[in-house]
Structure formats: C-alpha cells, structure tokens
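This report refers to the structure that appears directly beneath it.
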Amino acid sequence: MAMEIVYRVKRFDGEKSYYQEYSIPYEKDRTILWGLIKIRDEIDPTLSFRSACRSAICGSCAIRVNSNALLACKTSLDKQLALYQTNILTLEPLANFPVIRDLVVDWENKFKHMTEVKPWLIGEKDCPGGTGYYRQSPDEFLEISNPTDCILCGCCVSECTQHTNLRDEFYEPFIFTKSWRFTADSRDNSPKAHLLPVLNEGGLWKCVRCQQCITKCPKGVRPADHISRLRCSSMNYGFTDNLGTRHAQAFAEYIQKTGRLNEVTLPLKTEGIFRTLKRIPFALRLLRKGKLRPLYFPSPIQGIEGIRKIYNRLRKEEKK
Amino acid sequence: MKYAFFPGCTLEGAAAENLLAIKKVTEILGIELEEIPGWSCCGATHLQDTNELLGITINARNISLAEKIGLPILTVCNTCTLMLKTAKQRLDNDDQLKTTVNKALSEANLEYHGTSGITHLLWVLLKDYGLANLKEKIVRPLKNLKTACYYGCHIIRPPETLGFEDPHNPRSLELIVEALGAKVVDYPARLDCCGFHALFPAEKAVLKMSGTHCLVAKNTGADCLVTPCPLCQMQLDMYQPDREKYLCTETKIPVLHLPQLVGLALGASPKELGLNHHIVDTKALLNKIS
Amino acid sequence: MLTYDVVIVGGGGAGMRAALEAARDKSLQVAVFSKTYPTRSHTGAAQGGINGAFAFKDPTDSIEKHFKDTVKGSDFLGDQNAIDFFVNECPECILELERMGVPFSRDEFGRIAQRPFGGASSPRTCYSADKTGHVILHTLYEQCLKHGVKFYNEWFLLELVVDKGRFQGLIVQNMHDGCIHPVNTKSVVIATGGFGRIYWNRTTNALNMTGDGTAACFNAGIPLKDPEFVQFHPTGLAGTGILMSEASRGEGGYLINKNGERFMSRYAPEKMELGPRDLVSRAIETEIREGRGVGGNGNFYVLLDLRHLGKKKILERLPQIRELAIDFENLDPIEHPIPIRPSCHYMMGGIHVSDHTTCSTPVPGIHAAGECACVSIHGANRLGGNSLADVIVFGKAAGKGACLSAKELSSGAEPILLKRTAYWEEKFRTMREKGHGLKVAEVRDRLAATMWNNVGIFRTEKEMEKALSEVEELLQEYNSCYIGDSSTKYNSAFIQYVETGNLLNLAKAVALAAIARKESRGCHARDDYPTRDDANFLKHSTVTKIGDEYKLSYIPVTITKYQPEERRY
C-alpha cells in the first residue's frame, strides 16, 4: 500500500488562523518544499509560502516543521519522517515574525534592526582616497568567512530563546552575526560603531547561551559564537561596567586564584554590595536547605601554579 | 567500567546533593569513578567570553589530567560537558591550535594528546551501562510517578560538538526514565533553555521563563521534573519563590537531578540522595513512590 | 500616485548596483521595486566568481586577453565595442565592490584571489570561496541600506507602459495586499534576471526566474535580441538540476564517463574540463547519447570527480558545493564523485540594449541590465565569471544612464497610467472570481517538457517546429486558465499565472529565432546544420512583438579588432 504523508499546515488569511491537513502520496528522496509545491500545484493553489532558489542560498523558504525552524528546500522529507517517527508533520510560519499569510512572514522590521549595527564597511584605513583596494590576509578573510555565510533566512530568529522572551531588548541572532562580521573585518576603521549598538540596544550580555541559533542555522553560521567574540571585544574596548562583564571576569579570577568557582561571593562580585543585599532572602532559603556553605572558601586546587602560569602566558600573548 | 570523574563546581556548592546521589548510584551500579586530581572550573561560557583561547586551554588542561590517568572523562553537568567537548573538538581538528595550546600547557608540565573521550552520566547509563543492565538493578520501579523530562541545552546543542543524538527530537532521557518504571508525560518545554547563564543580566526574563517551564510541567500533571544538568536543576528549583513574584501564580514542582531519580529506583533512601536539600519540597513525590 | 525620477525593477545584483549609482544623484528620487526581498535574488546563487584582468594570479594576463577570451567564447556573436567597454570596466568595478566590503578570498599578498575558469586563457576569476554571488548580493544590499535606498519589496511588475513610443511608467502589484499601483517615473532600469524557468525543473535557475521584466519590455514593443541562445551549464546535479559551480572544474575537478575516462580529452584536448560551457555541455550529452553515461532507466549522467583535490581544498574553496552535494545527492564529494548533467543556466539573449554605455533600449527612458538584457557581450555563449561582472559593470552603467534619461525626459501621462491600472485591477478581479478552467501549473509543465525535449542542447528543425506549435497551442489554452485563489492578500497563484504567461511569450520567441538560425554557433547546436555559417548568420536575431504577431529580423554584429576564426580549445 502506498503510504500517505500529511502536512498539517498552520494557515492564516489575514484575520483568522487555523490548521489544515493535506494528504499527499509518499515519494522517496523528496524535500519538505517538494510537498508544499505539490500541494499548491495539485490540491490547493491558495496555500501561500515562499521559495526561490531551492538550493539553500536565497533564504526564502524558512518555515517551522514540528516547532523547529528549517529551510524547506534542503530538508529531506524522509529524514523528518524518521526523526519524528510519524507520517504527519506540522508546518508553521517562523516564530517571532508577523505573519502576512499562511507561511509567509514579514521581514521589514528585521531589516530596520539590521541597519542599527551599520552593516557596512566604515573608513578608508588602507586605501587612501577611496581608490585601489584593501589588502587583507587569508587569515583575516577567514575571520569574517563564517558570519558572511548568513543568508538572512530567519531560522535563528524563530528559535532564539532570549529574543522570544525579550522581543525589543534582545536582537535577532543574525544581527549579532552582522555586527561581528563588520567588527571583525580587518578593513573596518570603526569597529566600535558596529559593536556599540549590540552592547546597548541589542542586549549583548543577555544571551542565554542556549545554542539554538547555531543548531538551527541551515548554513552553519554560529551567532552564539559571534556573541561571545563581541563580548570579548567589548571588554577589550573597555566597556566593562556591566553585570555580564563582571560575571565573566569573576569566573576568570576564581579560576586563576583557586581553580574553582565560589558561589557565595559570586553575586557580590557580579552585582556589587547593594544589589546583593536583595539576595539575602534567597541566601537564607539556601542556607535553610543546607545548599549554601557561607564559611566555605575553597582552597586552591592541586596544580594551581600551573593554571596561573598558563594565564600569564596567554594574557601576555593577548596583549601582543 | 571506570571513568575519570569531573564533578564541576556546583557539586561542591549549591548542588551538593547531586554529588551524594551520583556517588550512591554509581556505587550500586558498580561504575567506578576516579575524581580527576586538580580539575578546574570549566569556565561555564563566561571564561570563554573573556578569552576564547584561555577557555580552550583550561579545558585542555582538564582533559590532559584525565589522559594522565588513562581514563575517559565522565561529566555530570551539561555545561561542563559542552565546554570540555568544545575544547576537544577544536583541538582534535586544528593542529595549529593544538600546538599553541600545548605550548601554554607546557607551563604546567602537561600535554594534550586527545586520547581521553568525554561523556556524560546520562549517556553512560544509556550506552555504556545499558538499559537492560540498568533495569536488572531496579528494586523500586517508579510506577506511579509522572515525570517531565527536561534535557537542558548543553547536552543536545550544538549537535556537531555533542554528537550523541538529534537535538530536534532526543530520546535518551525518556528512555532512562521509562526504564526506571516511571511514566513520561508529554512535556512541550523539554528541550527549552532554563536561562541559567543569563540570570544576572536578564533576571526577570530568565525567572519568568524558567517559571513558565515549571508551570507547563505542572499543567501536564507531572509529579516532578527531572534533568541531567545541575544548573538547570538549580535554576528551576532554587528560584521558585522569586519567580512567582513575576508570574503571580504558583509554580511549585519538585525538580530532581537525574541521579536522584535513578537512585530512588535503585532503592537508595531519599536522604542518601540528598532529596532533603531541595527548595521545593519533595515529600509528596516520595509518598507517591513508597 | 507613486512618482519617482528613476525606478529600478529588480533587487538583484544589477538592480542594486544601478540603484546605488542612481542614488548618488541626490536631486533624483529613486526607488527599487522587487518581487522578492533583495537578498533572495538569484545573483546570490552565482557561485564561482567574477572576472577581472588584474593579473594577480597570472602576471601575463591582460585586459586584452579578457577581451579575446570573451569574443572567442561568444563564438564571435558578441559586439566587440561593448566587450571592449566591459573588460576595461571590470577591474575597477570589482575594486569598488571590494571597497564596499565584499569579502573576497585572498592570496598570500592580501590581494583578491583569482582562479582558472572555463574558456579563460588566464586565471582571472576573483572569488569568495564558492559563494561569490551571495557575498556580492548581500554587500550591495547593505550598501543600499547605508545609502537609504527606497525599496518596495515584494512588489511585482505587471506592465511597462509605453504609449506611441514614449515611456510613461509602470504598473506594479503590492503582493502583500494585492493593491495595484501605477508608478509615474521618468526612467526605469529593468534588472529582472533571466527566464530559465521555460525549462521548469531542468534548470539551475530559481523558481521565480520567469523573465517578468523581459516580457514586459517585449510586450511594450522592445525587441528581444538573440533569444535562441540558451546556455546549458555542464554541471547541474543529475537529480535536481541544482548548480555545481564551474569553480569545481576551475579548482581541478575531473569529468568522468562510465568507463572512468576523462572524456574531455576528445573534445577540448588542450583546455580539457576548462573548455567553455557550450562545448563541455555538448560533450557530456554526447557521452550520454553514445552510451558512455553512468546510470540507467532513462536516467543518465556523468561524474564530476573532486576526490583528488583532497579534503582541505574542498573545505576551503568549495564548501557550498560539498554542502549541496550532501543535501541534495546524499553524498560527500570528498569521498564520492558527483552525478551531474547539463541544466539550463543562463539566457544570453534578452532585452535589446542599443547603447552599451547607458544600457538604453530603443525606447528612451527604458534601460536594462544584467541577465534580462542583451548588450550583447556574451553573444552565443557566455563565459563563466562574466555574468557577475556583467551585472556589476552594466548595472552601474544603467544606473548612470537612467539618471541621464530622467534629466532629459518628463514624467508620464497619468491618465494613461490610470487606464492601465484599471485594466490590471479588472484582470486581477476576474481571475480571482474565475472558478474553473485549466491549471496554471499544467500549462507551465507542458511548456517545460516541450522546451526541454525539443529546444534543448541539440536542436533540429523538426523538433523545434513541434515545440513552436505546442507553445502556440499553450498560449491559446493559457486564456482558459484559472488561479483558484480569491484572496487579495499575498495571492501567489495570481503572480504565478502572470509569470507563466511571461514564460509562454518568451519561449515562443526562443523557438522562433532558434528555428530561423540555420547554423550551429555557441550554445545553439543544430544536428541539421552542424557548422557555423558566418556568411549568413554572423548577425543578431531580434524578435519584436506587435500585437500578437512576432516579427523576426536581424541586426549586424559589431566587429572591431578580432575577426571570426575557428574556435578551438
């Protein structure tokens, strides 16, 4: 018997949204997009979705399948069916975008956000007068190679934990990638101009490190890594007066001093005395349950001298 | 079955009960753990933010210590797992980096070779120990216990570093919990993030989010949440009263470390597993299984 | 009424390059209308690179050599004055891209890296791994954001309004709400890409490469030049037609038949796999025809073997190729050869550009650039790496040209524009209400089948006549199509209906001009006329649409310094 597969599609006509099921006969070695085109061509011409290059470079066809964002054109139907052990897949528009119709979402605001990080080269450092060209070493090119792979498909936007929580206080992951792409470009003369917007408006330190962006990116772009590098850059530029930096630096110090974390003094180091006072009820709660050892100061681990030497060496090299 | 044990910092602090449970469970199962002498904090993404190379080198040091005792590393914290595995992945695929890191390690008279693997207790139970063997050791099947499985990010994502199972639909935790005799509830937040690593800079958002995860679990009718990550456990359990300020609703649900749940099925007493150290009381849950 | 001085239709490489050029003149109001978000445009799918004779990689390279290669590649049908302009502009235009921030791969001296490419006598193709079009497209978009270029994204071109030989403006549809608008503008740049979708799935082209701008010009009475010259890219994935960049051969990949033989030795003994595309495609099809293809069940292909390049080179230079082969053929080129077969790739022909310095068409105010245009620099066969260069060089020229036009011409007549708007509104309404008829997809598929089977790589009079009469039938049947979607919001069924109409009109011109060209030249390979006939056909075909009539005529080729000779590789 020929197997039927079912696409359960979240539809939206501008007013109401509902789920509609379409059955299509199973075919081997097909993509998710194949099924959508088949439905549109043969069953329901009103089904709206985007697609163009069908080779994973234009970024048009990103949708959610069973709550995971992906590119419909490059995703194997067989693999999805096997992954979820089912013949029914739920297709929805990307999350965190306004929906225009069915699976079609509106990008206009994202481009506005993108503009805030000034995604263009600034300055004429190495090619005076705006003629000739910039020299860039193969290694310097490699620095910006991963971020320039971004195709603006929106998968990371859809799946980002913190952007879902804090729409207006935390940039879409690809915008961090754009920022890093120019901050790290050896040709750029004003890296801070790309970095400051993500530090101030973008919520650079609010990333929860959930790795959704890296995991869901269909092009292997690594926004969470770029966030990490932007954080490092921001500290190097001296933007250290914030909770995130103090927290990170506390870890670095603990490891250098004793090799391990001290949970008791960590809030103090991160937040300062005033805000830490707020945490007294929390601390008492932990004390009551025996979860906090207020007088426990970990003694340095065996081999701490080695760690300190490693620190010295790498810090020295970093300065170089 | 013997591993170089990497406990991670929280097991010396606020998640000390997990250490009790791990020791008990491995003792019952006959899994030998040798704590890595002189292990250091993995950096927990924060050290890595200050200096990527330092982050890799510190963990190369941890791995090289395990290599010296000739054992694969067993971790019990998701973030430790990801930090160690990231370092290993980078080093094993980049000879130039390996040379640089080894130069730095030579300051501590150590060298990274790449001979020790890194695995997490969850994976050990499933793959190395095996479900069939685990089932044989069960003396108290958790028959009536409805459990919501919560993976935590750094044991599934990113998959090219962790590589154990597909992060879109992992099964390992459910398989273990089912083997223990408990009933797995259909829990929509099972792959979501607890927000631990951004607690300080984004406290309200993180508490609201982790509170919602608990609420969703409660609404499925689950008796408890279980997680293989002590950081997730802490985030979901310790802040229960704080987050209720924001959510204006009760979010109480016991959150168990995976070794605690395993330990219960293996017949260990709640006290031996440190179940008295939770912020959300675990008594009701214990009544259900006794 | 939306009113501008310069409007650009198409948000790809040529369109955005034109927009950037036009936007330099702050006294002019400029806007871009694009049926996709600009970064979705098909320029992004160009992989291998962009040609500029910098002589970085090979000090003996020169502008002159680029000129000669292009003329020879075109099988002498390219206009040499235009090619001269083009090859001279290429280097500076590429440097402009570099200064805008395009991340080019680099050589050890920090200069732009260059690689060998088909039909080129020196390695002059500048690249960014195998994603050159992608990085150029995104950089151009970022530059447009920087300069505040006004975009109308997902607005679809319905008609170019020309009245008594005078350009009036255009009619466009906002796809989001379905509203149809007239746009009053003094000049326009059409930069809407090719129409490879006349072959539907046997193409490397995106699903939306339907030649809307070309068809709009054609309908407005502007001739279509050399439409019979359709480039088939040698290395499309056998299963899907998806492009495997020429860079894969440029970096040293082999083409292998079922006997494990590098068969190009028989077709291009000197250049081997780096012969020009027309020659390599014919070689592959000949191997398959003569029983040396791999595969079976009517599904034959040859193999593109990259294994000897080694993992490091593949990961560094051809990462996208590898990713595509893994995703779409389920194999890793580091370990396995890739099944490939020629796929329709590029239209050398297009909107007749009568002045290459401004990209103006015979109708003042209407300019065209990029694949939709026929300048002609590609003649009967385009060289790899010359299309991104074309897009940038002529996009810029068209932007400048449109500014000049805007300063000379006055606005269109609003009553005429409103009348045409009413026509389209009525059409949209009728189509939304029509409840039954023929499915658009069916017409589209039949068109593709007949074009692929009868106007493909090897052509004969008989087959092409068959295609022509089928296309004519389909044009009739098209009138009874229905779209089946009554919504005004994002009505993609209506868009596809118009697109299919465009494809039909253009396909008919392709067949017509192909039948009449009784010779083999470049990619136009006829079994019944296997040799080039300079005495009778060293000339451009033009097809002009007058009402429903198609009129075929010819115009001379410009030859300046390089006389036609036998083309050997």
Euclidean distance, A/T215 OG1 relative to B/H168 NE2, rounded to 0.5 Å: 7.5 Å
Rounded distance [0.5 Å steps], CG in A/N312 versus CD in B/E107: 8.0 Å
Beyond-backbone contact of B/L82 with A/Q211, side-chain heavy atoms, under 4.5 angstrom: yes
Option in B/R171, B/M234, B/K103, B/K208 with maximal non-hydrogen atom pairs under 4.5 Å from chain A: B/K103
CD1-SG distance between A/I255 and B/C41, expressed to the nearest 0.5 angstrom: 4.0 Å
Top contributor to chain B contacts, counting heavy-atom pairs under 4.5 Å, from A/N242, A/I301, A/I227: A/I301
Pair A/W205-B/D49, side chain to side chain contact (heavy atoms under 4.5 Å, CB included): steps then yes or no: CA-CA 10 Å; A/W205 287 101; B/D49 283 345; 3.8 Å; yes
Part of A/F282 lying under 4.5 Å from any heavy atom of chain B: side chain
Closest heavy-atom pair and its distance - A/G303, B/R61: O-NH2, 3.8 Å
Closest non-hydrogen atom pair between A/A252 and B/T50, with its separation: CB-OG1, 4.3 Å
Contacting moiety of B/I58, where chain A heavy atoms sit under 4.5 Å: side chain
Among the listed options B/C194, B/P188, B/P158, the residue most often paired with chain A at heavy-atom distances under 4.5 Å: B/P158
Under 4.5 Å from any heavy atom of chain B - which part of A/L261: both
Rounded distance [0.5 Å steps], CD1 in B/I279 versus CZ in A/R288: 8.0 Å
Side-chain (B/R157) to main-chain (A/C210) donor-acceptor, under 3.5 angstrom: yes
Nearest-0.5 Å distance that lies between atom CG in B/L199 and atom NE2 in A/H247: 7.5 Å
For chain B, the option from A/S67, A/G306, A/G259 that forms the most heavy-atom pairs under 4.5 Å: A/G259
Minimum-distance pair of heavy atoms, taken over all atoms of B/A104 and A/I310: O-CG1, 3.4 Å
Closest-packed option against chain A by number of heavy-atom pairs under 4.5 Å, given B/P201, B/G195, B/G13, B/G8: B/P201
Toward chain B, the part of A/R229 with a non-hydrogen atom under 4.5 Å: side chain
Residues A/K291 and B/E17 bridged, charged N to O under 4.0 Å: yes
Heavy-atom side-chain proximity of B/D281 to A/K289 below 4.5 angstrom: yes
Portion of B/A16 that has a non-hydrogen atom of chain A nearer than 4.5 angstrom: neither
Which of A/I307, A/L166, A/T161 touches chain B most, by non-hydrogen pairs under 4.5 Å: A/I307
Greatest number of heavy atom pairs closer than 4.5 Å to chain B - which of A/D225, A/N66, A/L83: A/L83
Non-hydrogen side-chain atoms of A/R315 and B/L54 separated by less than 4.5 Å: yes
Which portion of B/H278 sits near chain A, non-hydrogen atoms under 4.5 angstrom: backbone
Among B/T161, B/T45, B/T79, residue most engaged with chain A (heavy-atom pairs, under 4.5 Å): B/T45
Interchain contact, A/R293 with chain B, by part (heavy-atom threshold 4.5 Å): side chain
Distance-minimising heavy-atom pair for B/A14 and A/E263: N-OE1, 2.7 Å
B/E203 bridged to A/R279 by N-O distance under 4.0 Å: yes
Interatomic distance, B/N169 atom CG to A/Q80 atom CD [nearest 0.5 angstrom]: 10.0 Å
Contacting moiety of A/R222, where chain B heavy atoms sit under 4.5 Å: side chain
Main-chain N/O of B/N51 paired to A/E318 side chain as donor or acceptor, under 3.5 Å: no
Choice from A/R246, A/K206, A/K216 maximising heavy atom contacts with chain B below 4.5 Å: A/K206
Contacting moiety of A/Q162, where chain B heavy atoms sit under 4.5 Å: side chain
Whether B/H197 side chain and A/V208 backbone form a donor-acceptor pair below 3.5 Å: no
Shortest non-hydrogen contact from B/P37 toward A/Q302: CB-OE1, 3.8 Å
Heavy atoms from other residues, nucleotides or ligands near NZ of A/K278 exceed 12 (cutoff 6.0 Å): yes
Lys/Arg-Asp/Glu bridge criterion (N-O < 4.0 Å) met for B/K204, A/E169: no
Selection from A/T164, A/L286, A/I304 maximising heavy-atom pairs under 4.5 Å formed with chain B: A/L286
Which portion of A/P267 sits near chain B, non-hydrogen atoms under 4.5 angstrom: both
B/E160 CD: over 12 foreign heavy atoms closer than 6.0 Å: yes
Side-chain donor/acceptor of A/R231 to backbone N/O of B/Q48, under 3.5 Å: no
Basic-acidic side-chain contact under 4.0 Å: B/D166, A/K79: no
Validation row: B/P241, A/R285 side chains within 4.5 angstrom (heavy atoms): yes
Check: A/R209 and B/F196 side chains under 4.5 Å, non-hydrogen atoms: no
